[in-house]
Each structure stands twice: as structure tokens, then as C-alpha cells.
Amino acid sequence: MKAVLSSLLVMFNLTVATLAFSHSDHHHPPKKPVTEDVAKKNAQESVNMLIKTKKIENSWTKSQFVSLEKKRFGSSEEWVATYLNKAIKDTAKQKLFIFMRLSGEFLAANYTGK
């Protein structure tokens with residue numbers, strides 16, 4: 001019985017401590033936008049990560065960088081890097097689009113650019 005009460009008391013204290021440290025006005029300031037050079041470097045690192053995790057074929061290691069631009073999607077703006085891989089037989093999948101936050105973090109990748 002003592003063990004059960006002690007366990008309940010510990011769980012109660014942990015819950016109260018968690019609630020005490022959480023607050024609704026806690027926020028992180030937005031990160032600063034990266035330069036075009038940093039965005040291009042991050043895009044290449046994203047391609048490498050997708051290859052390493054086997055999300056895309058290994059032939060993307062020899063892909064050609066095509067472009068980097070800022071695009072608006074709804075109310076937000078993102079970096080979009082485009083790569084071309086002519087080794088891919090399916091022409092609809094020869095272009096790879098890498099989407100990143102303006103602060104350089106990888107968001108997504110696809111073959112449509114949308």
C-alpha cells in the first residue's frame with residue numbers, strides 16, 4: 001500500500017512540475033533567412049540525405065543543379081531548389097524539387113514542384 005501511495009505521489013509531483021514549467025507565452029523567435037549560397041548548400045545536403053535514407057535513387061549523386069528561387073505558397077515563402085537527373089528513365093521524375101524554409105531547413109521534396 002505504501003508503495004502504491006508513494007508511486008501516486010511521485011506521479012502527481014511530476015505532473016505538477018511539468019505544468020509549472022509549461023506556459024503559453026513561450027515561443028522561439030523566427031530564424032533569420034539564409035543567403036542564396038547557404039540555401040544552395042543546404043539543398044545539396046538535403047539531396048544527399050534523401051539518397052542516404054534511400055528515398056531517392058543513388059544516381060541523384062550525379063544530378064545537375066538547375067536553379068534556386070524563392071517561391072510563395074499561400075502566405076509563406078520558401079526556397080525551392082531544382083535538380084535534374086537524366087539517368088532517370090521516367091521523364092516525369094527527372095526533376096527533383098527541394099523545398100526549404102527561408103531559414104534553410106529542409107521541408108520536403110517531390111518531382112512536381114508543387
Side-chain angles (χ1 to χ4, degrees):
M1 183 69 172
K2 259 186 167 178
V4 172
L5 286 175
S6 293
S7 295
L8 287 173
L9 185 59
V10 167
M11 288 174 36
F12 175 76
N13 284 337
L14 288 174
T15 302
V16 170
T18 301
L19 292 173
F21 286 109
S22 64
H23 47 86
S24 63
D25 64 340
H26 180 80
H27 68 283
H28 297 278
K31 294 182 179 179
K32 293 181 181 179
V34 295
T35 64
E36 195 169 314
D37 288 340
V38 172
K40 186 176 176 181
K41 178 181 155 282
N42 290 3
Q44 184 59 57
E45 288 174 359
S46 298
V47 171
N48 295 340
M49 178 266 307
L50 291 169
I51 294 167
K52 187 175 181 179
T53 59
K54 301 184 188 300
K55 303 288 184 193
I56 59 175
E57 292 182 23
N58 202 34
S59 65
W60 284 98
T61 57
K62 297 180 180 178
S63 63
Q64 174 189 356
F65 173 80
V66 176
S67 66
L68 176 70
E69 59 185 311
K70 289 180 184 178
K71 283 192 175 179
R72 182 162 293 283
F73 297 96
S75 63
S76 66
E77 199 172 18
E78 299 172 5
W79 285 111
V80 181
T82 306
Y83 288 84
L84 178 65
N85 183 355
K86 292 184 180 180
I88 303 292
K89 290 183 171 113
D90 183 353
T91 55
K93 294 186 177 181
Q94 285 184 345
K95 279 189 178 179
L96 178 67
F97 299 89
I98 303 293
F99 300 85
M100 298 173 291
R101 289 188 171 96
L102 290 184
S103 53
E105 290 89 13
F106 173 79
L107 290 171
N110 66 36
Y111 299 111
T112 66
K114 298 178 184 176

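Values below: all heavy atoms of this structure, side chains included; hydrogens, waters and symmetry mates excluded. Residues: numbered from 1 along the sequence shown.
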Quiz item: Do any pairs count as a ring pair (Phe, Tyr, Trp, His ring centres under 6.0 Å) and have a residue in residues 91-110, sequence neighbours left out, and if so which ones?
Solution: F73-F99

Self-check item: ILVMFWY network linking Y111 to I98, side-chain heavy atoms under 4.5 angstrom
Solution: yes

Quiz item: For the residue pair A109 and L96, what are the closest heavy atoms and their distance?
Solution: CB-CD1, 4.2 Å

Quiz item: Does any pair with a residue in residues 32-43 pass salt bridge (Lys or Arg N to Asp or Glu O under 4.0 Å), and if so which ones, sequence neighbours excluded?
Solution: K41-E45

Practice problem: Could you note down all residue pairs passing salt bridge (Lys or Arg N to Asp or Glu O under 4.0 Å) where residues 93-114 supplies at least one of them, sequence neighbours left out? | Solution: K31-E105

Quiz prompt | side-chain contact (heavy atoms from CB on, under 4.5 Å) involving S75 - partner list, sequence neighbours excluded | solution = none

Quiz item: What heavy-atom pair brings M100 and E78 nearest, and what distance separates the two atoms?
Solution: O-CB, 3.3 Å

Exercise. Using the salt bridge (Lys or Arg N to Asp or Glu O under 4.0 Å) rule, collect all pairs that involve residues 79-89, keeping only residues at least two apart or in two chains.
Key: none

Quiz prompt | Check: S67 main-chain N/O paired with Y83 side-chain donor or acceptor under 3.5 Å | solution = no

Exercise. Show the numbers, then the answer: is there a side-chain hydrogen bond (donor to acceptor under 3.5 Å, both in side chains) between D90 and Q94?
Key: CA-CA 7 Å; D90 183 353; Q94 285 184 345; over 6 Å; no

Practice problem: Start with the C-alpha distance between T61 and I51, add both sets of side-chain angles, then the distance that settles side chain to side chain contact (heavy atoms under 4.5 Å, CB included), and finish with yes or no. | Solution: CA-CA 8 Å; T61 57; I51 294 167; 3.5 Å; yes

Quiz item: Should the pair K71 and W79 be classed as cation-pi, given the thresholds of under 6.0 Å to the six-membered ring centre and 45° from the axis?
Solution: no

List the atom pairs, donor and acceptor, that lie under 3.5 Å between side-chain atoms in residues 52-60 and the rest of the protein, sequence neighbours left out.
from: T53; atom 1: OG1; to: M49; atom 2: O; distance (Å): 2.9
from: T53; atom 1: OG1; to: L50; atom 2: O; distance (Å): 3.4
from: S59; atom 1: OG; to: N85; atom 2: ND2; distance (Å): 2.9

Quiz item: Same cluster for L68 and V80 if Ile/Leu/Val/Met/Phe/Trp/Tyr side chains link at under 4.5 Å?
Solution: no

